[in-house]
Asks: 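Could you have a look at this structure, given as structure tokens, before my questions?
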Number of protein chains: 2
Amino acid sequence: MRKIAPTPTPGRPRDPETGQRILDAALRLLAAQGYSRMSLDAIAVDARVSKPTMYRRWSSKADLATAALRTLQLAEPRPDSGSTPADLIATLENFSRSLLRPNGMSLIGTVLAEEAHTPELLRLFRERIVTPRRAMLRAILDRAAERGELRAGADLDAAVQMLTGAFYARYLAQSKIEPGFARQLVEIVWNGLRKVKARR
Amino acid sequence: MRKIAPTPTPGRPRDPETGQRILDAALRLLAAQGYSRMSLDAIAVDARVSKPTMYRRWSSKADLATAALRTLQLAEPRPDSGSTPADLIATLENFSRSLLRPNGMSLIGTVLAEEAHTPELLRLFRERIVTPRRAMLRAILDRAAERGELRAGADLDAAVQMLTGAFYARYLAQSKIEPGFARQLVEIVWNGLRKVKARR
DNA sequence: TCATAATTACGATACTGTATCGTATCTATA
DNA sequence: TATAGATACGATACAGTATCGTAATTATGA
């Protein structure tokens with residue numbers, strides 16, 4: 001039985017590697033220079049393509065930037081050791097490392113700065129990074145709740161926001177995050193959340 | 001004794017109102033558009049001056065932007081009611097309000113995004129806003145420690161970072177901050193920090 | 001004392017050189 | 001043949017500068 005090939009489009013086919021190179025370059029320069037300062041000329045040079053090559057795939061600068069952000073993925077392990085504090089600490093340490101990568105924080109800065117002008121950037125960053133990370137931390141706390149480890153009345157979402165937000169606040173204060181910071185955070189939050197047995 | 005006046009300079013004196021109008025306009029546009037997109041033409045129009053007028057006072061765009069940030073001041077009350085949770089909540093609610101002002105978060109975004117290119121913006125924002133706010137919250141916790149309200153071993157700076165950082169994380173997640181958020185945060189952190197009496 | 005010269009500030013306008021987005025036109029490729 | 005890819009280009013924006021006429025002040029000389 002003859003294999004039926006898809007109907008070929010006449011003309012030269014697009015090179016998918018070229019497209020990927022452009023997206024990689026765009027994401028890199030978006031983080032390094034911010035949206036407004038990032039230029040299509042610079043992306044073209046970095047990806048070793050011409051500008052019309054990019055315009056054949058994306059209709060505008062904003063279109064390309066949003067496509068680049070769409071390639072973002074939270075690729076961090078999900079600890080599930082049975083110990084809530086240990087899982088929180090491990091997850092937060094992964095987060096800390098990604099924030100301290102070159103331009104880790106400036107990507108966040110640029111999506112916030114562009115909220116009024118190019119809102120889809122912040123929307124995509126939320127969808128691809130912020131929401132999945134919250135879900136990871138929330139899952140750890142939900143498991144703790146199922147195990148009966150948590151006292152009643154605490155807002156788990158507020159706890160998650162504090163755990164992640166503390167890194168932003170620390171960076172904003174000092175542009176660095178010391179080792180052991182995650183442990184300090186979890187120590188306080190865990191004390192604030194867990195069901196109390198008789199302490200001695 | 002005759003008062004010795006400074007030697008007057010011949011020529012038309014500079015109008016301090018003009019200078020102030022320029023700084024106000026610069027700060028407004030910096031927050032609204034970000035550093036890179038903010039233009040000197042737009043500031044001149046907003047402040048109803050000419051560009052040479054601005055260049056007579058500041059040598060460059062970066063010079064003007066840093067001068068504008070230097071005018072920032074944390075002008076929030078410092079609660080000292082004797083109740084640590086109440087003081088924390090009141091302080092954080094002021095913080096929340098300022099973050100939710102138009103462009104409150106985008107100013108933070110732009111100083112972060114510009115860290116590599118115009119680092120003095122982040123440095124000044126830290127000096128004028130971030131550090132004073134941390135000090136306010138830290139003072140509340142230090143008073144609690146003096147009153148003997150805190151358990152041993154908790155890192156108060158980590159607690160402060162969580163309390164402020166949670167607002168950044170919440171904004172990043174949703175571009176809004178609900179009423180009562182501060183209360184939820186303080187409930188957890190206070191439980192995590194305070195000396196335990198017999199709970200019932 | 002008064003009028004004028006000298007000086008600086010200011011608005012309005014124009015200019016310079018550079019950067020950037022998006023498009024036109026050409027050659028190369030499948 | 002039709003599309004991909006490259007170079008060149010047009011239009012516009014922008015930071016910074018130059019110029020002109022007028023405004024506002026001090027200094028100076030009659």
Side-chain angles (χ1 to χ4, degrees), chain A residues 5-26 28-30 32-68 110 113-114 117-118 120-121, chain B residues 3-26 29-30 32-68 110 113-114 116-118 120-121:
Chain A
T7 309
T9 309
R12 181 177 174 176
R14 279 196 188 144
D15 186 347
E17 274 193 20
T18 300
Q20 193 55 50
R21 269 200 333 271
I22 296 167
L23 290 171
D24 293 342
R28 217 163 28 241
L29 290 181
L30 179 60
Q33 304 185 343
Y35 176 76
S36 172
R37 188 175 277 115
M38 166 183 94
S39 75
L40 293 201
D41 279 322
I43 297 169
V45 168
D46 195 296
R48 304 182 319 273
V49 300
S50 69
K51 284 200 290 182
T53 299
M54 304 197 293
Y55 278 104
R56 267 193 281 280
R57 292 164 162 79
W58 297 285
S59 64
S60 64
K61 179 176 175 175
D63 196 21
L64 173 56
T66 58
T110 201
E114 290 293 328
H117 185 264
T118 323
E120 50 269 34
L121 298 181
Chain B
K3 186 153 183 171
I4 302 187
T7 309
T9 308
R12 181 178 174 175
R14 276 202 187 141
D15 186 347
E17 276 191 18
T18 299
Q20 193 54 53
R21 271 201 331 272
I22 297 167
L23 290 172
D24 293 342
L29 290 180
L30 179 61
Q33 307 187 339
Y35 176 76
S36 171
R37 188 174 279 116
M38 166 181 92
S39 75
L40 293 204
D41 281 322
I43 296 170
V45 169
D46 195 296
R48 304 182 317 273
V49 300
S50 69
K51 280 204 289 181
T53 301
M54 301 197 296
Y55 278 103
R56 267 193 284 275
R57 290 166 162 80
W58 298 284
S59 64
S60 66
K61 181 176 175 174
D63 195 21
L64 173 55
T66 56
T110 202
E114 290 291 329
H117 185 264
T118 324
E120 51 270 33
L121 299 180

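Throughout, protein chains are lettered first and strands after them, A, B, ... in sequence-line order, and every chain is numbered starting at 1.
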Asks: Counting primed atoms plus P, OP1 and OP2 as sugar-phosphate and everything else as base, spell out the protein contacts along nucleotides 1-13 of chain C at 4.0 Å heavy-atom distance: B, S or - for each nucleotide, 5' to 3'.
Replies: ------BBBBBBB
Asks: Measure NZ/B/Lys61 against P/D/dA15 and give the value in whole Å, please.
Replies: 4 Å
Asks: Could you tell me whether the side chain of A/Leu64 reaches within less than 4.5 Å of the side chain of A/Leu23, counting heavy atoms only?
Replies: yes
Asks: Rounded to whole angstroms, how far apart are CD on A/Gln33 and C1' on C/dC21?
Replies: 15 Å
Asks: For B/Asp41 and D/dT17, give me the distance from atom CG to atom P, rounded to whole Å.
Replies: 14 Å
Asks: Give the rounded distance in Å between these two atoms: CH2 of A/Trp58 and C1' of C/dG22.
Replies: 16 Å
Asks: Among residues two or more places apart or on two chains, list those pairs meeting salt bridge (Lys or Arg N to Asp or Glu O under 4.0 Å) that have a residue in residues 49-65 of chain B.
Replies: B/Asp41-B/Lys51
Asks: Expressed as a whole number of angstroms, how long is the span from A/Glu17:CD to D/dG5:C1'?
Replies: 15 Å
Asks: Which residues satisfy the side-chain hydrogen bond (donor to acceptor under 3.5 Å, both in side chains) test with A/Thr66, sequence neighbours excluded?
Replies: none
Asks: Could you give the CZ-to-C1' distance, from A/Arg37 to C/dC21, as a whole number of Å?
Replies: 17 Å
Asks: How many Å lie between CG on A/Leu64 and P on C/dT20, as a whole number?
Replies: 15 Å
Asks: Please check: side-chain N/O of A/Thr110 versus main-chain N/O of A/Tyr35, any donor-acceptor pairing under 3.5 Å?
Replies: yes
Asks: Is any side-chain heavy atom of A/Asp24 less than 4.5 Å from a side-chain heavy atom of A/Arg21?
Replies: no
Asks: Base, sugar-phosphate alone, or nothing: which one does A/Met54 contact when heavy atoms must sit under 4.0 Å apart?
Replies: nothing
Asks: Round to the nearest Å and state the distance from B/Tyr55 atom OH to D/dT19 atom P.
Replies: 17 Å
Asks: Tell me the closest heavy-atom pair linking B/Ala26 and B/Met38, and the distance in Å.
Replies: O-SD, 3.7 Å
